[in-house]
Amino acid sequence: MKRLVSAVVTTLALAAGTVVATTGSASAATGPGCSDAYQIGSTGYITVDGATAASVKQYYSPSCNKNYGYVWVWQSFRSSHAHWFASAGVLTTGDNYNHASQGDWNVTEIWSGGASTASQCTAGYGFLDVTNSDGTSSSGNHQGTGQSSTRC
């Protein structure tokens, strides 16, 4: 059920959200399954209610030949919100399609699955939604999306 909700929420966010991309730095853990994954492009940010709430990155693994999206939810956001939903994916910028999206509730970080998009122009994509205590969406009132810079 969580994956279905994740896919629906992420798809809706991608279709309706405003994308914010800026430069900056933040460190992240090694990507899942492919220890040689490294960051490509610059970090983007997700803003919710006018405040920066999360960092968005894209990673590439030469040995797996896959791209990964990554979202780190900032402590300032986590401290001021009881419930949230975060998701990460890899956006192909030619068609605005979100690949390998993964999402979960009340997490500090989330990785997408591995996307077979290494031959395309891509960006790491993230979505963050302040949720109600039962896990339902805030219906667009307190949401944000962001993406890393595009890499071709």
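Distance alone, capped at 3.5 Å, places no donor-acceptor pair between the Ser101 side chain and the Gly89 backbone. In this structure a side-chain-to-backbone donor-acceptor pair under 3.5 Å is present from Arg78 to Val73.
Looking at every heavy atom in both residues, Arg151 comes nearest to Gly41 through NH1-N, 3.1 Å. Summarising the geometry of Pro62 relative to Asp36, their closest heavy-atom pair is CD-OD2, 3.2 Å, with the distance given to 0.1 Å. Across all their heavy atoms, Gly113 and Gln102 have their closest contact at N-CG, 3.5 Å. Looking at every heavy atom in both residues, Val107 comes nearest to Ala86 through CG2-CB, 4.2 Å. The minimum heavy-atom distance between Val48 and Ala53, with the atom names listed, is CG2-CB, 4.1 Å.
When only modelled atom types and interatomic distance are considered, Tyr70 and Gln58 share no side-chain donor-acceptor pair under 3.5 Å. A donor and an acceptor atom, one from each side chain of Ser55 and Trp74, are located under 3.5 Å apart. For the residue pair Thr136/Asp134, the side-chain donor-acceptor check at 3.5 Å is satisfied. At a cut-off of 3.5 Å, with distance as the only test, no side-chain donor of His99 or Ser112 sits close to an acceptor on the other residue.
Put simply, the side chain of Cys34 does not reach to within 4.5 Å of the side chain of Tyr59, judged on heavy atoms. Looking only at side-chain heavy atoms (C-beta outward), Thr145 and Tyr125 come within less than 4.5 Å of each other. Looking only at side-chain heavy atoms (C-beta outward), Phe127 and Ile46 stay at 4.5 Å or farther from each other.
Among Asn65, Thr122, Asn67, the single residue meeting the side-chain hydrogen bond (donor to acceptor under 3.5 Å, both in side chains) criterion with Thr117 is Asn67.
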**OP:** Kindly determine whether Trp105 and Thr131 satisfy side-chain contact (heavy atoms from CB on, under 4.5 Å), including the steps that lead there.
**Re:** CA-CA 9 Å; Trp105 283 265; Thr131 60; 4.0 Å; yes

Original post:
Is there a side-chain contact (heavy atoms from CB on, under 4.5 Å) between Asn106 and Trp84 once you walk through the steps?
Top reply: CA-CA 5 Å; Asn106 301 330; Trp84 63 89; 3.7 Å; yes

**OP:** I would like to know whether Val71 and Leu128 meet side-chain contact (heavy atoms from CB on, under 4.5 Å); could you show each step before the answer?
**Re:** CA-CA 9 Å; Val71 172; Leu128 190 59; 5.9 Å; no

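When hydrophobic clusters are built by joining Ile, Leu, Val, Met, Phe, Trp and Tyr residues whose side-chain heavy atoms come closer than 4.5 Å, directly or via intermediates, Val90 is not grouped with Ile110.
Going from atom CG of Asp49 over to atom CZ of Phe77 covers 8.0 Å, rounded to the nearest 0.5 Å. Taking OG of Ser148 as the start and CD1 of Ile40 as the end, the distance is 7.0 Å to the nearest 0.5 Å. Atoms CG and CD, on Asp129 and Gln143 in that order, are 4.0 Å from each other to the nearest 0.5 Å. Taking NZ of Lys66 as the reference point, atom OH of Tyr60 lies at 10.5 Å (rounded to 0.5 Å). A distance of 7.0 Å separates CG in Asn98 from OG in Ser87, rounded to the nearest 0.5 Å.
Residues passing the side-chain hydrogen bond (donor to acceptor under 3.5 Å, both in side chains) test with His81: none are found, sequence neighbours excluded.
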